[in-house]
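Just below is one structure, and these are the notes that go with it.
Bear in mind that the values here come from a model prediction, so they are computed numbers and not experimental data.
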Amino acid sequence: MATFELYRRSTIGMCLTETLDEMVQSGTLSPELAIQVLVQFDKSMTEALETQVKSKVTIKGHLHTYRFCDNVWTFILTDADFKADDTPEHVGRVKIVACDSKLLSQ
C-alpha cells in the first residue's frame, strides 16, 4: 500500500515526530526504529481515514489561494464555514491539502 506523508504535518503527527526525536536523542530508541514508527503511522492514518470515517462535510468560504503541484491540491480559504451533521463551525483561515486517492492504490 502506498501512503502519503501528509499526516505527519498534522498536530498528532508533529507530536509523534517530536517525541520520537526526543527518544532518539536520549538513546531510548534507535533512528531506524523511529523511521519504522513513522512509516507505520502513515499507513495507519491512511487506512483509518479510508475505513472508519464516514462523515460528510460541507465547506463554504472565500478562496484565497489554490495550487496544484505533483498531483496534490492545496487550497487556502478565509472566512470558511464547515457544516457536518447540521453543526456549523466558522474558521477564519484554513488550509486544505488534497491528494488523488487513486495514487494510493498504485
Rounded distance (nearest 0.5 Å) linking atom [atom1] of [X] with atom [atom2] of [Y]:
X: E22; Y: L29; atom1: CD; atom2: CG; value: 12.0 Å
X: L63; Y: F75; atom1: CG; atom2: CZ; value: 7.0 Å
X: T11; Y: L16; atom1: OG1; atom2: CG; value: 12.5 Å
X: M14; Y: T19; atom1: CE; atom2: OG1; value: 11.5 Å
X: D42; Y: E47; atom1: CG; atom2: CD; value: 13.0 Å
X: K83; Y: E89; atom1: NZ; atom2: CD; value: 13.5 Å

- Task: Using the side chain to side chain contact (heavy atoms under 4.5 Å, CB included) rule, take T58 and F82 through it: C-alpha gap first, then chi angles, then the decisive distance, then the call.
- Result: CA-CA 6 Å; T58 303; F82 288 78; over 6 Å; no
Might you point out which heavy atoms bring [X] and [Y] nearest each other, and give the distance in Å?
X: Y7; Y: F41; answer: O-CE2, 3.6 Å
X: L20; Y: A34; answer: CD1-O, 3.7 Å
X: S26; Y: T28; answer: OG-OG1, 2.8 Å
X: S30; Y: V24; answer: O-CG2, 4.0 Å
X: V39; Y: R8; answer: N-NH2, 3.8 Å

- Task: Would you indicate whether I12, at its atom CD1, is surrounded by more than 12 heavy atoms from other residues, nucleotides or ligands within a distance under 6.0 Å?
- Result: no
- Exercise: do D81 and H90 side chains pair donor with acceptor under 3.5 Å: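 The criterion, which ignores hydrogens and geometry beyond distance, is satisfied for H90 and D81.
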Side chains of [X] and [Y]: does their closest heavy-atom pair fall under 4.5 Å?
X: I35; Y: V37; result: no
X: R93; Y: I76; result: yes
X: Q36; Y: L33; result: yes

- Message: Assess the residue pair T46 and E50 against the criterion (side chain to side chain donor-acceptor pair (under 3.5 Å)); give the C-alpha distance rounded to whole Å, side-chain angles, the decisive distance to 0.1 Å, and a yes or no.
- Response: CA-CA 6 Å; T46 301; E50 284 180 3; over 6 Å; no
Out of curiosity, does [Y] fall in the hydrophobic cluster containing [X] (side-chain heavy atoms, cut-off under 4.5 Å, transitive links)?
X: F68; Y: L77; value: yes
X: L49; Y: I59; value: no
X: V57; Y: W73; value: yes

- Task: Please report the C-alpha distance between V97 and K95 in whole Å, then the side-chain angles of each, then the deciding distance to 0.1 Å, and finally whether the side chain to side chain contact (heavy atoms under 4.5 Å, CB included) criterion is met.
- Result: CA-CA 7 Å; V97 179; K95 179 179 181 180; 4.1 Å; yes
